[in-house]
Amino acid sequence: MEKITAIKGIKDILPADTPVWRHVEQIAREIFHCFGFREIRVPIMEKTALFQRSIGETTDIVEKEMYTFRDRDDELITLRPEATASVIRAYIEHNLSAADPVTKLYTIGPMFRRERPQKGRFRQFHQMDVEVFGDDQPQSDAEVILMLMHFLQVAGVQKLSLEINSLGCKACRPVFSQAVVEYLKESHNVLCPDCQRRIQINPLRVFDCKVETCGVVIADAPRILNYLCVECSYHFSLVKNHLDDLKLTYEINPQMVRGLDYYTKTAFEVKSGALGAQNSLAGGGRYDGLVSFLGGPDVPGIGFGIGLERLISCLPDPDKPPYRTDIFIAALGARAQKFCFGLTNELRLSGISAAMDYSDKSLKSQMKRADRLNCAYTLILGDQEMQDHCAQLRNMSTKEQQSLSLDTVTQTLISILHEG
RNA sequence: GUGGGUGUAGCUCAGUUGGUUAGAGUGCCGGGUUGUGGCCCCGGAGGUCGAGGGUUCAAAUCCCUUCACUCACCCCA
């Protein structure tokens, strides 16, 4: 029989790893709460058109990376490749802007992109996604960046670097974009085939080409920061001032372009070493026209996404708390088994983690198992104890044993274990 | 979609110029202790050597095909 395996690029998160995930998520929830964000849970599927419109028809994501299928009623459905579109859709659909002029939301969950897997890149991956609607002030930009950096630091990510840029708005970016095209056309034949293609599709992409000869050309290309309109330029300088006030260190990377069409003004990215080629841990930016473009009110927005697999993989030797069981009930013989089955489950119902073995193995074997489960105590109950109407409670670290009457054993254990 | 690397026990890996019954460590089960864990000692189970084909007296080993995993390009979290 052929073995059925998980789908390529889609991973199980095994019991040994889930505590780290929960730990990271818990830190995020606490910090996001402090900054005034509330959780929203949105579906992992949406109508395909939502992503086509928000992310951009000509982006790689929409062109070749989406998991799309036709539903039984012929509607096109897509597994979300990112969360922002869904959050905005929900924000509009439930008219959240009416309740509060500024809405701050976060969501955590899986995303899907059909790319070739490699280190730090999967077809199902997890993101924490944070969005602010209704605030166009530069403080808002600085605030989300601060929250992001603070979270990553508290989570324990090493060697963080923050890069920021401004991508301009619909007034100034086209001018810049045109200037870049003009410039690149002059050096067209020096560029790599990929970049020659990029000029047609998305000229700004040429900026993060890794080919050396392209880098030389790019070095003298027009800079976005020189083309910003008065408003964008002012906004960007205030963002920098606020970041300075918040004592955040950052680098301005005028070559940074984000992969999604909807970004305006501030864009930012956090990288970490020890991540392989996919070294971008989190990225985001402002998207002031997007909500209205998707049919909502004309409110500004800013947000970011954090890649959880990448975040966790660059945590220094994540401290895995060992799995711990409060007590192991070792039963010997049929009568003891019957009694212990009831006892074990009573303890569980009282909020104590209790384990026992039903297959009547040797005491040695049961003790071994108790040790493996990292039990604080083992209760030993055999024919002799049934006869004497008592049980032996062994402290697994001190090896001390005491005799407990069967009449009150449940209550005695509950009080001992709830104290410890 | 394109290129490189790797596939041997649950896991991590040895395996010589092709040569008998494919090994180790770890984990698992049992025993040493007729009812007491970790350390130690002994034993046991566990493998279509990724799959298919070919060369050969003989293939884990050489050749071809294919699949999977992985890293990188592309792109992005």
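Lettering of chains follows the sequences in order, A, B, ..., and the numbering in each one begins at 1.
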- Message: Please give the distance between the C1' atoms of U17(B) and A58(B) as a whole number of Å.
- Response: 15 Å
- Task: May I ask you to decide whether D244(A) forms a salt bridge with K240(A), counting only side-chain N to carboxylate O separations under 4.0 Å?
- Result: no
- Message: Rounded to whole Å, how long is the line connecting atom CG of N395(A) with atom C1' of U36(B)?
- Response: 14 Å
- Residue pair E309(A)/L363(A) against RNA chain B: nearer the 5' end by closest nucleotide is L363(A)
- Main-chain N/O of E163(A) paired to N253(A) side chain as donor or acceptor, under 3.5 Å: no
- Message: Classify the ring geometry of Y287(A) against F133(A): parallel below 30°, tilted from 30° to 60°, perpendicular beyond 60°.
- Response: perpendicular
- Under the ring-ring contact (aromatic ring centres under 6.0 Å, His included) test, which residues partner F339(A), sequence neighbours left out? none
- Could you pick out which residue, T398(A) or A282(A), lies toward the 5' side of RNA chain B when each is mapped onto its nearest nucleotide? T398(A)
- Task: Figure out the CE/P separation between M396(A) and U36(B), and round it to whole Å.
- Result: 13 Å
- Message: With a 3.5 Å limit on both atom pairs, tell me what A68(B) is paired to, counting Watson-Crick and G-U wobble, or say none.
- Response: U6(B)
- Item | Pairwise C1' distance for G47(B) and G7(B), with rounding to whole Å | 14 Å
- Message: When you measure only distances, ignoring hydrogens and angles, does the side chain of K364(A) come within 3.5 Å of the base of G32(B) through a donor and an acceptor?
- Response: yes
- Item | Electrostatic pair E143(A):K104(A) at N-O distance under 4.0 angstrom | yes
- Would you mind classifying the nucleic acid contact of F328(A) as base, sugar-phosphate or nothing, using non-hydrogen atoms under 4.0 angstrom? nothing
- So, is Q118(A) close to the A72(B) phosphate, meaning a side-chain N or O under 4.0 Å from OP1 or OP2? yes
- Query: Taking atom C1' of C76(B) as reference, at what distance in whole Å does atom NZ of K119(A) sit?
  - Reply: 16 Å
- Query: When you measure from the side chain of K11(A), which nucleotide among G37(B), A77(B), U70(B) comes out closest?
  - Reply: U70(B)
- How far does the C1' atom of A24(B) sit from the matching atom of U8(B), given to the nearest Å? 12 Å
- Query: For T59(A) and C75(B), is the shortest distance between a side-chain N/O and OP1 or OP2 below 4.0 Å?
  - Reply: no
- Let me know the distance between CG of L308(A) and C1' of C76(B), rounded to the nearest Å. 15 Å
- For atom CG of L379(A) and atom P of U36(B), their distance in whole Å: 16 Å
- Task: Answer yes or no: side-chain N or O of Q278(A) and base N or O of A72(B) forming a donor-acceptor pair under 3.5 Å.
- Result: no
- Task: Write down the distance between CG (L332(A)) and P (G37(B)), rounded to a whole number of angstrom.
- Result: 13 Å
- If you look at every strand shown and take non-hydrogen atoms under 4.0 Å, does S365(A) touch a base, only sugar-phosphate, or nothing? sugar-phosphate
- Query: From the list A77(B), G35(B), G37(B), which nucleotide is the closest neighbour of the side chain of D371(A)?
  - Reply: G37(B)
- Query: Hey, does A370(A) reach any base, or is it just sugar-phosphate, or nothing, if we go heavy atoms under 4.0 Å?
  - Reply: nothing
- Assess whether atom CD of E93(A) is packed by more than 12 heavy atoms of other residues, nucleotides or ligands within 6.0 Å. yes
- Message: Between G15(B) and U34(B), how far apart are the two P atoms, rounded to whole Å?
- Response: 44 Å
- Which part of the nucleic acid does E65(A) contact within heavy-atom distance under 4.0 Å: base, sugar-phosphate only, or nothing? sugar-phosphate
- Message: By the 4.0 Å heavy-atom rule, please label K64(A) as base, sugar-phosphate, or nothing.
- Response: nothing
- Remember a base hit wins even if backbone is also touched, and classify E63(A) as base, sugar-phosphate or nothing at under 4.0 Å, heavy atoms. nothing
- Task: Sticking with atom C1', work out how far C28(B) lies from A9(B), rounded to a whole angstrom.
- Result: 12 Å
- Does E115(A) make a side-chain donor-acceptor contact with the base of G1(B), cut-off 3.5 Å? no
- Message: With a 4.0 Å cutoff (strictly under), does any side-chain N or O of K8(A) reach OP1 or OP2 of C69(B)?
- Response: yes
- Query: With a 3.5 Å cut-off and just heavy-atom distances, do the side chain of R116(A) and the base of C76(B) make a donor-acceptor pair?
  - Reply: no
- Between the base of C75(B) and the side chain of R113(A), is there any donor-acceptor pair under 3.5 Å? no
- Message: Is it the case that the side chain of T325(A) and the backbone of A370(A) share a donor-acceptor pair, with hydrogens and angles ignored and the cut-off at 3.5 Å?
- Response: no
- Nearest whole angstrom, please: distance from the P of C29(B) to the CD of Q366(A). 12 Å
- Message: Within the 4.0 Å heavy-atom criterion, would you say R372(A) contacts the bases, only the backbone, or no part of the nucleic acid?
- Response: sugar-phosphate
- Heavy-atom pair of closest approach, residues E115(A) and R123(A): O-NE, 2.7 Å
- Query: Under 6.0 Å from the CE atom of M386(A), do we count more than 12 heavy atoms belonging to anything else shown?
  - Reply: yes
- Base, sugar-phosphate, or nothing for L281(A), non-hydrogen atoms under 4.0 angstrom? sugar-phosphate
- Answer for the Watson-Crick or wobble partner of U21(B), both distances under 3.5 Å, is none
- Item | Complementary nucleotide for U34(B) - Watson-Crick or wobble, under 3.5 Å | none
- Query: Partner of C75(B) by Watson-Crick or G-U wobble geometry, both contacts under 3.5 Å, or none?
  - Reply: none
- Query: Among the nucleotides C75(B), G38(B), G35(B), which one has an atom lying closest to any side-chain atom of I380(A)?
  - Reply: G35(B)
- Item | Of the listed nucleotides G37(B), C75(B), G35(B), the one nearest the side chain of D60(A) | C75(B)
- Query: Expressed as a whole number of Å, how far does the C1' atom of A51(B) sit from that of A68(B)?
  - Reply: 10 Å
- Message: Could you tell me how far A60(B) sits from G19(B) if I compare only their P atoms? Round to whole Å.
- Response: 9 Å
- Given A77(B), G38(B), U36(B), the nucleotide with the shortest approach to the side chain of K399(A): G38(B)
- Note on the structure: Regarding the side chain of A277(A), the nearest nucleotide among U36(B), A77(B), C73(B) is C73(B)
- More than 12 heavy atoms from other groups under 6.0 Å of CZ on F293(A): no
- Roughly how far apart, to the nearest Å, are U12(B) and U6(B) at atom C1'? 15 Å
- Output yes when at least one side-chain N/O atom of K368(A) is less than 4.0 Å from OP1 or OP2 of G35(B), else no. no
- Item | Spacing between K361(A) atom NZ and C28(B) atom C1', to the nearest angstrom | 10 Å
- Message: Classify K271(A) by what it touches in the nucleic acid, base, sugar-phosphate, or nothing, heavy-atom distance under 4.0 Å.
- Response: nothing
- Item | Under-3.5 Å donor-acceptor pair between Q401(A) side chain and U36(B) base | yes
